[in-house]
Asker: 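Here's a structure for you.
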Amino acid sequence: MVVGADLLSVEKLSVSFPLLRGSVEAVRSLSMTIRPGRVTALVGESGSGKSALGRAIMGIETPSARVSGRAVFHDPAGDGPVDLIALPRDGRQIRNIRGNRIGMIFQEPMTSFSAVHTIGNQIEEVLRIHTVLSPRERRARSEEMLGLVGFDKPDHVFNMYPFELSGGMRQRAMIAMALVGRPSLLIADEPTTALDVTIQAQILKLLKDMQVRLGMAVLLITHDLGVVASMADEVVVMYRGEVMEAGSVGDIFLNAQHPYTKGLMAAVPTFEMARHERLKPLREIRVDTAGLLGSCARPVVEEDDVLLSVRNVSKIFRPKHSSGFFAKPSPPIRAVNDVSFDIKRGETLGLVGESGCGKTTLSKILMRGVRADAGAVVYNGADEPIDVLSAEGENLRHLRSSIQMVFQDPVSSLSPRMTVRGIISEPLEIHDKGDSAERIELVRRLLHAVGLPSSAGGRYPHSFSGGQRQRIGIARALALGPGLVICDEPVSALDVSVQAQVLNLMKDLKAELCLTYLFISHNLAVVNYMADRVAVMYAGRIVEIAPCDIIMNQAVHPYTRKLIAAVPAPDLDCRIDFNLAGESSTIARRAWKRHFLDEGDPDNLAHVDLGNGHWVLARRGVDAKDLRV
Amino acid sequence: MIRYILWRVAMMIPTLIMISMLVFTIIELPPGDFFESYVEELKAMGEKADMQEIEDLKARYGFDQPAPLRYLDWVAGFVQGDFGYSFEYRMPVADVVGDRVWLTVLVSTVTIIVTWLIAFPIGIYSATHKYSWGDYGLTLLGLIGIAVPNFILALIMMYFANIWFGISIGHLMDQDFLGQPMSWAKAKSILEHIWIPVIIIGTAGTAGMVRRVRANLLDELHKQYVMTARAKGLHPFRLLIKYPLRMSLNFFISDIGSILPTIISGAEITAVVLSLETTGPMLIRALQNQDMYLAGSFLMFLAILTVIGVLVSDIALAILDPRIRLQGGHTK
Amino acid sequence: AEVVDPDPLKTRVAEGVLPPLAERLPKVPRVVPLDGTDGGVAGRHGGTVKMLIASQRDIRYMPINGYSRLIGFDRHFNFHPDLLERYEVEGERIFTFHLRPGHRWSDGSPFTTEDFRYVWEDMFHDKELHKGGIPTVLRVKGKEPVFEVIDEVTVRYSWEDPNPDFLAELASPVATRLMLPAAYLKQFHHKYQTPERLAALIEQQRVDDWVSLHQKMSRTARPENPDLPTLDPWRATTLPPAGQFVFERNAYFHRVDGNGLQLPYIDHVVLNVGSGDLVAAKAASGESDLQFTNIDFADYTFLKSAEKRGAIKVSLWKRIQGSRVALIPNLNCTDLIWRQTMRDVRVRRALSLAINRDEINKAVFFGLGSPSANAVLPDSPLFRPEYRDAWAEFDPDRANALLDEAGLLRDGKYGLRYLSDGRPCKLIIETTAETTFDTDVLELVTDHWRRIGFRIFTHVSHRELFRQRITSGETVLALSPGLDNGVPTADMSPRELAPTNNDQIQWPLWGLHQLSGGGEGRPPEIPEAQELLDLFHQWREADTLEEREVIWHRMLSIFTQQVFTIGIVNAVPQPIVRANRLRNLPSEGLYGFDPTSYLGVYMPDTFWLEGGA
Amino acid sequence: MSEDVASLPPPVHYVSKAPFDPYAVEADADPTVGHASQLKLTWWRFRRHRLALVSGILLLIAYCTVAIVEFLAPYNVHTRNVDRIYAPPQQVHFFHEGSFVGPFVYGRTMELDMETLRRVYSEKKNEVQRLRFFCRGDSYRFWGFIDGNVHLACPAEGGDMFLLGTDRLGRDVLSRILYGARVSLTIGLLGVMTSFVLGIVIGGLAGYWGGWFDLAVQRITEVLHSIPSIPLWLAMAAIMPADWSPLFVYLGITFILGLLDWTGLARAVRSKLLALREEDYVLAAQMMGAGSARIIGRHLIPGFMSHLIASATLTIPGMILGETTLSFLGLGLRPPITSWGVLLTEARTVNVIALYPWLLFPVVPVIVIILAFNFLGDGLRDAADPYN
Ligand SMILES: Nc1ncnc2c1ncn2[C@@H]1O[C@H](COP(=O)(O)OP(=O)(O)OP(=O)(O)O)[C@@H](O)[C@H]1O
Ligand SMILES: Nc1ncnc2c1ncn2[C@@H]1O[C@H](COP(=O)(O)OP(=O)(O)OP(=O)(O)O)[C@@H](O)[C@H]1O
Ligand SMILES: [Mg+2]
Ligand SMILES: [Mg+2]
């Protein structure tokens with residue numbers, strides 16, 4: 001291997017998508033290099049062409065896209081440089097490289113799997129194509145990989161279908177799939193967006209290990225500057241399809257030159273920020289909310305004015321099995337286990353927790369998207385309380401217009417055959433708000449508010465970048481001016497600048513329209529910025545709930561503490577300690593004090609009041625003082 | 001799943017009862033009965049019927065009784081495996097149907113398999129090579145097959161097969177083999193004849209299948225999971241088969257319910273034109289003559305196959321797509 | 001030429017399976033001279049003749065074409081003893097039949113008067129087998145004949161009143177069976193069989209009781225039981241259901257040719273079942289050696305063009321219907337006004353006059369038919385041109401005048417006429433539209449009648465529905481073939497001309513009245529119809545041929561002058577296809593069911609294949 | 001970190017010099033696109049599909065001509081010419097003996113061949129019969145009430161013009177095809193539409209709601225599905241009132257069959273929706289409070305549109321030719337009503353194939369119409385396909 005030779009050198013690569021009228025220039029004559037064994041981070045605003053670049057390198061961009069330029073791949077194990085772009089589409093040569101020499105983690109793991117094949121089948125397929133292993137070995141390798149990405153029971157997961165996994169679990173499966181072939185270059189497109197910080201750390205550690213062990217180079221596409229700081233050797237900053245700034249991590253973090261890079265750095269929310277402080281996006285967008293979404297229904301916010309109260313909600317899933325209908329069923333999954341909490345009017349309740357702990361399921365139960373097995377949910381938005389789980393008729397209609405949800409997976413929650421305009425105005429049409437001209441106007445303003453051009457209204461969801469789709473979802477949820485918005489990872493796919501813009505918007509709206517948010521996120525900094533109170537969930541139960549400050553500074557539960565410790569900061573000096581943070585929670589759990597363990601019987605645990613609205617799940621009858629230590 | 005299947009099997013009973021009533025009604029609907037139409041037909045030929053025998057037969061088969069009683073009689077017989085008596089053939093229905101079923105099964109299965117063997121590759125080709133000359137050409141050919149009524153196609157093919165290749169017109173085998181036990185020569189003769197009905201019956205079906213495969217496949221080709229699979233380096237053909245094709249099979253699976261009965265009944269009209277020794281012409285004749293037990297039992301048999309087919313199709317559907325919950329209702 | 005083998009079955013004789021020819025033939029066989037009169041020449045044995053049938057039922061053509069009857073017609077419609085050696089008739093009342101001594105059924109069992117006795121006593125008079133007693137055709141004025149067995153070979157049937165129909169009935173295409181192979185059938189009869197054995201047979205044949213067993217095993221109209229001995233030239237060998245029916249020569253057949261060769265010449269007749277629509281195509285490609293059913297005049301050109309390929313010859317015979325298609329007003333229809341209108345002879349005559357028969361003949365029948373009222377053909381001794389031409393010329397002006405006279409007024413020159421109650425003259429013609437002729441003719445008639453102010457609509461229905469609607473009087477006008485027998489002799493019953501049957505479209509109710517002996521229907525309500533009925537009764541009483549002839553002519557004259565049915569074209573050609581090598585099938589002939597029994601009177605047993613097997 | 005990797009030279013620090021404006025708007029697309037409704041967008045995309053556009057126009061023309069066949073057809077539908085039975089098609093010429101004459105046909109004589117009973121036509125090369133345009137010919141009653149006799153083209157006075165030959169009664173095949181379009185292009189549509197609407201609605205609800213409704217629908221489907229169409233036709237024909245005109249009876253049968261024929265489609269729709277309803281966007285719509293109709297119509301059915309369009313185009317031949325099958329059973333349309341199916345049914349014999357093949361010509365318009373519908377369907381499919 002020639003020292004100093006680039007593993008991949010991209011030269012004047014352009015990608016453009018023809019549209020009905022005009023076209024989108026996603027990547028404009030971009031050049032960059034990736035060096036063997038290094039992590040090159042690609043950061044940039046949402047929609048700046050990062051994913052398009054990744055796909056173009058793999059040669060899997062949609063056929064309608066126009067790709068030009070060169071991407072020379074010099075495989076250390078292969079026989080000389082090849083121009084990936086020039087290779088025949090789906091020819092033998094490029095197929096040998098895909099999956100085998102270059103692995104790819106897609107940005108949207110939720111939809112990247114085929115729904116009708118098991119996870120195991122799809123992961124193992126990589127080995128089937130590129131190796132000569134026996135089925136048994138393939139299975140062993142796949143399960144090993146699944147274990148590495150943080151699954152407790154890889155053999156179970158192997159037989160599960162993608163729709164049975166939570167968002168983060170799918171993302172990890174995706175990572176397993178990309179890594180199982182042991183590529184020399186990994187294109188990781190936002191690999192950790194759906195993961196909580198502990199698992200994120202675990203995954204990053206895995207990547208790092210593989211990079212070191214196998215000499216694997218990584219093109220890490222991400223917007224999380226904390227991750228960049230912890231992982232990257234080199235950084236490329238991209239804006240609207242062009243490179244703004246490139247250099248080593250040090251150059252970028254300590255010596256940023258370009259105003260865009262500087263802007264990005266400034267937009268990151270930190271723990272040190274004051275509650276009322278506004279985030280500083282690259283461009284401030286002023287939204288004219290007045291008269292747009294209706295005005296604040298009840299300006300006075302009282303204490304103990306509960307908008308939504310959740311009592312003893314439980315949900316058990318019985319997994320399907322691929323191995324025929326005679327196989328013995330695998331154990332049921334307790335996704336949500338006896339959860340109770342309140343959301344007060346006008347507050348933002350943050351919900352954090354491990355990937356797969358039941359946050360999405362819980363939020364869908366609140367929306368009646370999933371039927372709860374037990375429990376009650378009461379909504380106090382209307383004149384009288386409505387029992388959410390059994391409402392019918394007018395009550396249900398009212399609920400539907402006053403509780404809205406931003407889905408964790410933006411792709412699949414947008415009708416693929418509706419234009420963005422149709423999607424955003426749909427809730428208005430359903431609830432018969434305004435005439436068609438007003439709706440068009442509202443859609444235009446909403447698009448503007450989330451930072452999308454108005455021409456986006458005529459496009460279909462698939463033609464957007466991950467972050468853009470997420471913003472469409474947010475715009476839709478806000479369109480009706482609902483009383484309660486449940487946001488499931490609303491900003492996970494957004495770069496810091498757009499994230500800042502959107503978070504500001506949400507905060508503004510909250511203030512002006514007295515919105516109430518249930519804010520699910522893995523990004524604790526964001527939760528810290530947004531939430532008034534925070535609930536921490538673990539394995540289907542709420543383990544700790546308290547006002548935001550308390551959680552951030554005086555958390556009691558060992559899981560919460562670990563979460564907070566694992567937050568990556570966009571600072572080269574405090575990189576994550578992978579050895580500590582990267583250990584899986586089942587292992588970490590062994591070190592928990594026995595106050596927090598149920599020891600086989602869930603009834604052993606109960607919520608213990610620590611004062612100031614601070615509750616923690618612990619042994620019945622345990623003294624609060626013992627816990628604080 | 002097993003519970004679901006058992007439950008569905010139990011559900012078949014009321015369904016079949018309803019079907020049997022309907023079948024009976026449909027056969028009873030046309031005014032008159034077999035005997036009247038028999039007498040009329042004889043009269044039309046200038047002959048006269050043995051009225052005595054007809055009166056006897058009428059009494060014997062309960063035609064002097066009200067319809068509901070006859071219905072009960074028939075159903076009771078059916079349950080015991082007695083499918084009734086064919087007036088036209090003057091023998092038990094089971095004997096009449098006899099051999100024809102196997103020939104029908106042969107023709108239909110060959111047709112169906114040929115249809116699939118041709119339609120799927122072409123459908124896949126048309127979808128992946130949308131608007132290529134191949135796509136246009138095959139579409140054109142297939143649609144011509146649909147647009148020309150089967151009987152005209154049959155006549156034209158038979159006529160020219162006779163003029164050019166000297167193949168005798170119609171039938172499934174040389175007449176000399178009729179009623180003979182199976183032999184190599186007979187099998188060969190069947191093979192020589194079977195291609196005409198297969199082509200004629202198959203054209204329309206093939207073209208239809210091609211268009212449907214194409215349409216359904218086109219919808220799947222752009223999905224994200226296809227891209228994922230490509231990123232793994234999967235061979236494009238294997239990829240197509242494993243992912244999008246499987247996804248697009250939904251329409252096909254849902255139709256299994258109607259495939260089973262067609263295997264037994266075959267393409268009636270074409271069979272009539274080609275005078276195939278299949279069950280189709282027999283059924284049509286039985287219906288036209290109101291040979292009611294023959295027609296009724298045969299229809300009932302088809303109905304049972306349909307019902308089984310629907311169940312099979314539902315189960316296959318659930319296997320094809322694990323997301324499908326056959327029992328669950330929807331959420332509001 | 002080769003030496004003709006005198007006995008085609010000699011190998012089987014040699015094997016001892018069959019007795020020699022001399023023992024198989026009756027003492028006095030029927031000798032068919034085949035000396036060139038009527039065009040038939042003596043031939044040679046051997047070969048197979050293939051024919052096409054449209055359904056399994058059509059094996060019934062075999063006994064019709066075989067035409068072995070006690071007494072049969074020759075091709076000039078004279079009676080001729082066939083199975084009988086001779087017969088005597090006294091005053092149309094007493095019929096004595098003499099069998100041929102030594103005559104045997106096809107299984108070799110003797111054919112004797114016991115076979116007549118069995119039918120008469122053990123079948124007709126068995127309360128279980130024939131609940132209604134003897135067949136109605138055997139009753140005269142409701143009374144049974146006296147049946148006597150004189151000896152082994154002689155039987156007698158004697159009636160109190162004359163039964164002039166009897167011989168014609170015996171010579172008809174589907175004759176009433178007076179004799180069946182008793183020796184064979186006794187095993188199915190409760191009188192002769194033990195109940196256990198009977199039960200076993202019932203079980204084996206999968207029937208319900210011995211009655212159905214007997215019926216099943218003794219069926220002759222359709223030779224479905226290969227074991228049933230027969231007297232026909234060919235006997236069945238195939239048990240249905242089948243796609244192909246093979247008939248084999250009857251080794252005991254009673255006819256010989258002038259050279260002493262036992263008939264039939266042809267060894268096997270094979271009937272192949274196929275779609276009726278394909279018969280013409282298959283016949284053209286030489287798949288049939290003898291075809292007359294399921295082909296029609298419209299196929300002629302096509303068949304003729306296939307003649308060039310050498311395998312077949314097509315000839316045109318003449319159909320014997322009184323009219324190929326006729327328009328028949330229903331004088332019993334329920335619509336009062338229409339009934340009155342149609343009973344007005346002027347209207348019927350006008351409708352007839354308004355039809356341009358020449359155009360129809362030219363357009364549809366290539367000018368080969370003969371425009372005619374529904375009457376007898378020139379081939380009948382009863383033919384007179386005035387019957388043919390009665391109200392059959394094309395004269396719309398006269399038609400219009402007649403209609404004006406009848407009070408059906410019209411507005412404008414081309415306008416509609418109106419009935420007396422003010423309704424327009426819009427008529428629905430009922431038809432079963434079995435052939436394109438029907439639709440074509442209707443289309444032309446529609447046009448012709450437009451000129452006399454009638455509007456025509458067609459309603460097509462199934463045959464049974466068609467009948468039903470006529471009987472119930474819903475139909476005013478129907479399209480249907482004319483007289484079945486267009487070539488009658490005075491000996492044949494003129495029943496078709498009088499209201500005698502409920503299937504007569506012009507007067508179903510009057511016919512029913514007569515048929516049921518006055519129990520149902522209504523007596524004829526117009527004098528002309530009543531007169532026809534009276535004449536019919538007179539015919540039955542008439543003793544001499546001359547008397548009958550006079551009556552026939554009276555009836556024909558009334559029938560045609562009154563235009564009870566509106567005939568259009570008759571004597572239209574019917575193509576007959578034969579293999580090139582098939583001999584003795586006349587190139588011209590009369591085609592029909594009654595009285596010619598299709599090919600029956602032309603004796604298919606005398607047909608032979610040149611060049612042999 | 002392994003040695004050689006660590007020893008790589010540090011990358012150059014690159015900073016773009018291009019001017020940077022964070023507020024720069026994306027000028028990538030025409031803003032009108034953003035405001036256009038989905039229907040409009042679909043139309044814009046459809047317009048780009050040449051073949052589909054042409055097909056659409058063709059169909060439009062075809063349906064327009066249906067309104068004015070009386071004028072377009074050179075003869076009346078029932079005009080017979082007894083001296084011109086089974087006349088083969090005539091060719092239109094423009095040049096006679098080298099000089100331009102305009103469109104004309106040669107006169108013909110007919111002789112009867114009494115041997116084969118064939119009519120033999122021979123062209124008289126010296127008799128030029130010039131066609132006339134916008135001329136007076138057979139009189140007709142336009143749409144049943146306006147009398148007229150003007151035709152687009154007629155034969156020369158006393159001559160004839162049978163461009164597609166004549167049938168067994170000497171009727172002009174071309175005129176009959178034109179008249180036949182009237183029935184063929186309209187009536188069967190009714191049945192197809194009925195069955196489509198029912199199939200989509202019932203199948204949609206069953207697939208989306210599932211549960212007991214699905215169960216009930218499935219059982220009904222099974223029952224209906226179990227009765228093959230032929231016995232139904234026979235039974236139906238038997239109960240149709242006898243005094244209905246054949247057109248009406250046919251209409252009735254098509255309609256009833258449409259009412260019964262939805263099962264196949266319903267099953268397909270249901271099966272697909274059973275899978276689609278598990279998609280997140282359906283959940284999203286439910287959570288917005290969308291009703292079943294909206295979810296099925298706006299979210300689910302579009303995902304199945306390709307199949308529906310394909311199915312629809314495939315049933316069109318059935319609708320045009322449905323009566324041919326029916327007439328095989330002795331039902332269906334009959335003369336004097338003329339449709340393409342009737343014309344083809346009349347051509348149902350070997351005679352025609354061997355001797356008068358021009359009577360099979362009605363197959364051509366059938367093929368053209370079917371192709372047109374098919375390409376139109378393709379265009380619609382593509383226009384509705386967001387990935388396109
Ligand atoms: N199939 C497509 N058709 C048209 N435009 C597309 C298509 N795919 C992506 N685009 C556009 O290309 C641009 C770049 O998209 P890309 O997905 O590469 O962005 P990204 O940098 O990955 O953003 P994000 O961080 O939000 O994922 C976006 O403006 C997007 O709208
Ligand atoms: N349809 C389903 N069938 C079976 N199991 C399911 C289903 N949906 C979710 N689960 C299981 O329920 C558990 C909770 O899933 P959920 O999606 O609520 O997690 P989450 O907290 O949102 O995780 P993430 O942060 O990764 O999105 C997971 O273990 C998942 O495997
Ligand atoms: Mg992206
Ligand atoms: Mg989730």
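Heavy-atom basis, side chains included; hydrogens, waters and symmetry copies ignored. Reminder, nothing fancy here: chain letters follow the sequence lines and each chain counts from 1.
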Asker: Measure A:Ile403 against the heavy atoms of chain D and call it side chain, backbone, both or neither at under 4.5 Å.
Answerer: backbone

Asker: Taking side chain as everything from C-beta outward and backbone as N, CA, C, O, which of these in A:Leu414 sits under 4.5 Å from a heavy atom of chain D? Side chain, backbone, both or neither.
Answerer: backbone

Asker: With chain D as the partner, which of A:Thr111, A:Ile252, A:Asn255 has the greatest number of non-hydrogen pairs under 4.5 Å?
Answerer: A:Asn255

Asker: For the residue pair A:Tyr460 and A:His462, categorise the inter-ring angle as parallel (less than 30°), tilted (30 to 60°) or perpendicular (more than 60°).
Answerer: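 Taking A:His462 first and then A:Tyr460, their aromatic rings lie parallel (interplane angle under 30°).
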
Asker: To check you understand the geometry: which heavy-atom pair defines the closest contact between D:Gly379 and D:Ala52, and what is its length?
Answerer: CA-CB, 3.5 Å

Asker: Non-hydrogen atoms of chain D under 4.5 Å away: do they reach the side chain of A:Tyr260, the backbone, both or neither?
Answerer: both

Asker: Between A:Glu426, A:Glu45, A:Glu429, A:Met405, which residue shows the highest count of heavy-atom pairs closer than 4.5 Å to chain D?
Answerer: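 If we count pairs closer than 4.5 Å to chain D, A:Glu426 comes out on top.
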
Asker: Where does A:Met418 contact chain D at under 4.5 Å (heavy atoms): side chain, backbone, both or neither?
Answerer: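 For A:Met418, the contact with chain D is made by backbone and side chain together.
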
Asker: Between D:Gly289, D:Pro386, D:Ala275, which shows the greatest number of heavy-atom pairs under 4.5 Å with chain A?
Answerer: D:Pro386

Asker: Between A:Arg397, A:Gln257, A:Met244, which has the largest tally of heavy atom pairs under 4.5 Å with chain D?
Answerer: A:Met244

Asker: Are side-chain heavy atoms of A:Asp233 and A:Thr40 found at a separation under 4.5 Å?
Answerer: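 In short, these two side chains do not touch, never coming nearer than 4.5 Å.
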
Asker: So, the side chain of D:Thr42 versus the backbone of D:Gln38: is there a donor-acceptor pair under 3.5 Å, distance only?
Answerer: yes

Asker: So which residue, D:Glu279, D:Lys17, D:Arg45, ends up with the most heavy-atom pairs under 4.5 Å with chain A?
Answerer: D:Arg45

Asker: Check whether any side-chain heavy atom of A:Ser415 lies under 4.5 Å from a side-chain heavy atom of D:Arg298, and answer yes or no.
Answerer: no

Asker: Measure A:Arg476 against the heavy atoms of chain D and call it side chain, backbone, both or neither at under 4.5 Å.
Answerer: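 Only the side chain of A:Arg476 comes within 4.5 Å of chain D.
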
Asker: Need one label for A:Gln404: side chain, backbone, both or neither, based on atoms under 4.5 Å from any heavy atom in chain D.
Answerer: side chain

Asker: Tell me, side chain or backbone of A:Arg417 under 4.5 Å from chain D's heavy atoms, or both, or neither?
Answerer: both

Asker: Checking side chain to side chain contact (heavy atoms under 4.5 Å, CB included) against D:Tyr63, which of D:Ile369, D:Leu58, D:Leu185 comes through?
Answerer: D:Leu185

Asker: Counting heavy-atom pairs closer than 4.5 Å to chain D, which one of A:Ile430, A:Val443, A:Thr33, A:Val236 comes out on top?
Answerer: A:Ile430

Asker: Using a cut-off of under 4.5 Å for heavy-atom pairs, which of A:Pro416, A:Pro63, A:Gly247, A:Gly250 has the most such pairs with chain D?
Answerer: A:Pro416

Asker: Can you tell me how far the CG atom of A:Asp6 sits from the CZ atom of A:Arg38, to the nearest 0.5 Å?
Answerer: 11.0 Å

Asker: Pick whichever of D:Ala284, D:Ala285, D:Gly291 has the most heavy-atom pairs under 4.5 Å with chain A.
Answerer: D:Ala284

Asker: Between the main-chain N or O of A:Val388 and the side-chain N or O of A:Arg368, is there a donor-acceptor pair closer than 3.5 Å?
Answerer: yes

Asker: Between A:Gln501 and A:Pro281 (side chain of the first, backbone of the second, donor and acceptor by atom type, cut-off under 3.5 Å), is there such a pair?
Answerer: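 No; zero donor-acceptor contacts below 3.5 Å.
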
Asker: Assess whether a salt bridge exists between D:Asp280 and A:Lys364, defined as any Lys/Arg side-chain N lying under 4.0 Å from an Asp/Glu carboxylate O.
Answerer: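 Counted as a salt bridge, because a side-chain N and a carboxylate O are separated by less than 4.0 Å.
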
